[in-house]
2 protein chains.
Amino acid sequence: MLRFSKKADYALIAMKHLALRGDQAASAREIAEQYGIPVELMAKVLQRLARRDLLVSHQGTRGGYKLSRSPRLMSVADVIQAIDGPVTVTACSTQDDQCEQYATCNVRDPLWRIKERILTALGTCTIAELASDAPEPVHPPGTQSATWHPSA
Amino acid sequence: MLRFSKKADYALIAMKHLALRGDQAASAREIAEQYGIPVELMAKVLQRLARRDLLVSHQGTRGGYKLSRSPRLMSVADVIQAIDGPVTVTACSTQDDQCEQYATCNVRDPLWRIKERILTALGTCTIAELASDAPEPVHPPGTQSATWHPSA
DNA sequence: TCGAATTCCGACCGGTATTGTCTTATTTTA
DNA sequence: TAAAATAAGACAATACCGGTCGGAATTCGA
Ligand code: SF4
Ligand code: SF4
């Protein structure tokens, strides 16, 4: 049905929150309570983002999470993939998950191309854009914004 | 994880098959066996497509399914939505499935915008394009191909 | 130095959606 | 009339996902 996972949703919420907060760290509990998200789950999501180097964490009292770099340099594609793994529109998009019809399938390539399109759509939307709820600033032709990796 | 459902996959395979076959009808069994898809399941998928007027069916011996219109006038978005219902990237995309964080969520609008982008990506890829495995013909700017409904 | 706050990690469970199977009825043609 | 096909719905198996729990390590402040 082509949905984001709830965790990805939470991740984006947190990322936006942290982007708006600037350099001040925020704890998992704080974010969770602010948006009505189960604390443990939010923590796990943040951990995942930290391990993928989208966030930096600081343990101990008064610890918390901060963005690892400017929100202009992170796309929602980065966040999604950090949480849910690589975007795979079809089962055959990844090597390890082989589908029964692989041999006879006639839509593999076109569908793979569609996946690419979706990925660029996700890749050209930065966290900064998310934070300042701006509908993408004119989008100069030929310019790829932020960290979108065509080889990913 | 942003995946198509298996049924949607099957539907696209069938649509392409029927597009290539032109005006000659094909039975569910025939398609199913050719691609190694469970017959009953394929049948159900085709029925769904028929009810959504993407296919026309003919009962009885030597019956089967044909495309209801030119493959140039059908997009993969049409097929996906016929099978899996409206594309909802987030739980809040539809009225009936209200999410817990709706009140406090800070990424509703940006995410809705992303959904739109994905939808156009899906809408601008026709079944004809799928059939002739062509990587979209230059894509003249400002032109929307086929049946893409911005209000859907 | 001690204790509280916090990140970190993995394992587990229950509900829900998806996939696939089965059965039966109906329609059409040979 | 018999065979082939659509049509429709019930049902089981299973995969996935959201959420929970428990425990360990780390840092800071009193
Ligand atoms: S091989 Fe074909 S049927 Fe299997 S996952 Fe890929 S696109 Fe879908
Ligand atoms: S309201 Fe926010 S958290 Fe809930 S589904 Fe929509 S985007 Fe996701």
Side-chain angles (χ1 to χ4, degrees), chain A residues 1-11 13-14 18 24-33 35-66 68 80 83-85 88 90-91 94 96-97 99-101, chain B residues 1-11 13-14 18 24-33 35-66 68 80 83-85 88 90-91 94 96-97 99-101:
Chain A
M1 189 197 284
L2 208 51
R3 262 204 208 170
F4 288 168
S5 79
K6 213 78 202 288
K7 288 181 197 168
D9 240 13
Y10 294 159
I13 291 178
L18 290 172
Q24 188 180 359
S27 75
R29 174 177 311 273
E30 173 191 329
I31 305 180
E33 282 176 354
Y35 297 98
I37 299 171
V39 189
E40 306 294 342
L41 190 47
M42 173 53 80
K44 201 181 296 191
V45 166
L46 292 172
Q47 285 162 29
R48 204 101 138 242
L49 291 174
R51 188 158 355 155
R52 301 301 180 107
D53 294 324
L54 292 175
L55 299 179
V56 288
S57 64
H58 196 206
Q59 276 193 158
T61 316
R62 316 212 29 152
Y65 297 89
K66 287 194 305 183
S68 69
I80 304 281
I83 296 298
D84 287 333
T88 59
T90 64
T94 72
D96 49 298
D97 195 14
C99 131
E100 192 69 32
Q101 290 76 24
Chain B
M1 187 198 288
L2 209 50
R3 261 202 210 173
F4 288 168
S5 80
K6 215 82 202 290
K7 288 182 196 169
D9 239 13
Y10 294 160
I13 291 178
L18 290 172
Q24 189 180 359
S27 75
R29 174 176 313 271
E30 173 191 329
I31 305 179
E33 281 174 356
Y35 298 98
I37 299 171
V39 189
E40 306 296 341
L41 192 47
M42 175 91 276
K44 205 179 294 194
V45 166
L46 292 173
Q47 285 165 27
R48 203 102 138 241
L49 291 173
R51 187 155 0 150
R52 301 299 180 107
D53 295 324
L54 292 174
L55 299 179
V56 288
S57 65
H58 195 205
Q59 277 194 156
T61 315
R62 313 216 27 150
Y65 297 88
K66 285 194 306 183
S68 68
I80 303 281
I83 296 298
D84 287 334
T88 58
T90 64
T94 72
D96 48 299
D97 195 11
C99 131
E100 192 68 33
Q101 290 78 20

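Note that the structure is a prediction, hence the values are computed from the model and not measured. Below, chain A is the first sequence line, B the second, and so on; all start at residue 1.
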Q: Considering all heavy atoms of both residues, which atom of Lys7(B) and which atom of Ile83(B) are nearest to each other, and what is their separation?
A: CB-CG2, 3.7 Å
Q: How many whole angstroms separate atom OH of Tyr65(A) from atom C1' of dC8(C)?
A: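 For the pair Tyr65(A) OH and dC8(C) C1', the rounded distance is 7 Å.
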Q: For Gln101(B) and for Gly64(B), find the nucleotide of DNA chain D with the closest heavy atom, then tell me which residue's nucleotide is more 5'.
A: Gly64(B)
Q: Between P on dT7(C) and CD on Glu40(A), what's the gap in Å once rounded to a whole number?
A: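 Answer to the nearest Å: 11 Å.
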Q: Check whether any side-chain nitrogen or oxygen of Arg48(B) sits under 4.0 Å from OP1 or OP2 of dA7(D), and answer yes or no.
A: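 No, Arg48(B) has no side-chain N/O under 4.0 Å of OP1/OP2 on dA7(D).
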Q: Measuring from atom NZ of Lys6(B) to atom CD of Gln101(A), what distance do you get when rounded to the nearest 0.5 angstrom?
A: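 Answer rounded to 0.5 Å: 4.5 Å.
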Q: Met42(A) has an atom CE; how far is it from atom C1' of dT7(C), in whole Å?
A: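 That distance rounds to 14 Å.
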Q: Give one of base, sugar-phosphate or nothing for Ala28(B), where a contact means two heavy atoms less than 4.0 Å apart.
A: sugar-phosphate
Q: Please say whether more than 12 non-hydrogen atoms of neighbouring residues, nucleotides or ligands are located less than 6.0 Å from CD in Glu100(B).
A: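 Open.
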Q: With nearest nucleotides of DNA chain D determined for Leu46(B) and Ser5(A) from heavy-atom distances, which residue corresponds to the more 5′ nucleotide?
A: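 The residue mapped nearer the 5' terminus is Leu46(B).
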Q: To the nearest Å, how far apart are Arg3(A) CZ and dT16(C) P?
A: 14 Å
Q: So which nucleotide from dG20(C), dA25(D), dT6(D) ends up closest to the side chain of Gln59(B)?
A: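 Given the options dG20(C), dA25(D), dT6(D), the side chain of Gln59(B) is closest to dT6(D).
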Q: Reckon Phe4(B) touches a base, only the sugar-phosphate, or nothing at all at heavy-atom distances under 4.0 Å?
A: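 Nothing, no heavy atom under 4.0 Å.
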Q: Which one, dT29(C), dC8(C), dT6(C), comes nearest to the side chain of Ala50(A)?
A: dC8(C)
Q: What's the closest nucleotide to the side chain of Thr61(B) if the choices are dT29(C), dC22(C), dT19(C)?
A: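 It is dT29(C).
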Q: Could you state the atom-to-atom distance from NZ of Lys6(A) to P of dG14(C) in whole Å?
A: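 In whole Å, dG14(C) P lies 21 Å from Lys6(A) NZ.
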Q: Please give, in whole Å, the distance from dC9(C) C1' to Gln47(A) CD?
A: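 Nearest whole value for this atom pair: 7 Å.
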Q: Taking CG from Leu41(B) and C1' from dT6(D), how many angstroms apart are they, rounded to a whole number?
A: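 Roughly 16 Å, once rounded to whole Å.
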Q: Answer yes or no: is there a side-chain heavy-atom contact under 4.5 Å between Leu55(B) and Leu18(B)?
A: yes
Q: Counting side-chain heavy atoms from C-beta on, which of dG20(C), dT20(D), dT28(C) comes nearest to Lys44(B)?
A: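 Taking heavy atoms from C-beta onward, the closest nucleotide is dG20(C).
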Q: I need the Met42(B) CE to Leu46(B) CG distance, nearest 0.5 Å.
A: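 CG of Leu46(B) is found 4.0 Å from CE of Met42(B).
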Q: Using atom CD of Glu100(B) as one end and atom P of dG18(D) as the other, report the distance to the nearest whole Å.
A: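 Whole-Å distance recorded here is 14 Å.
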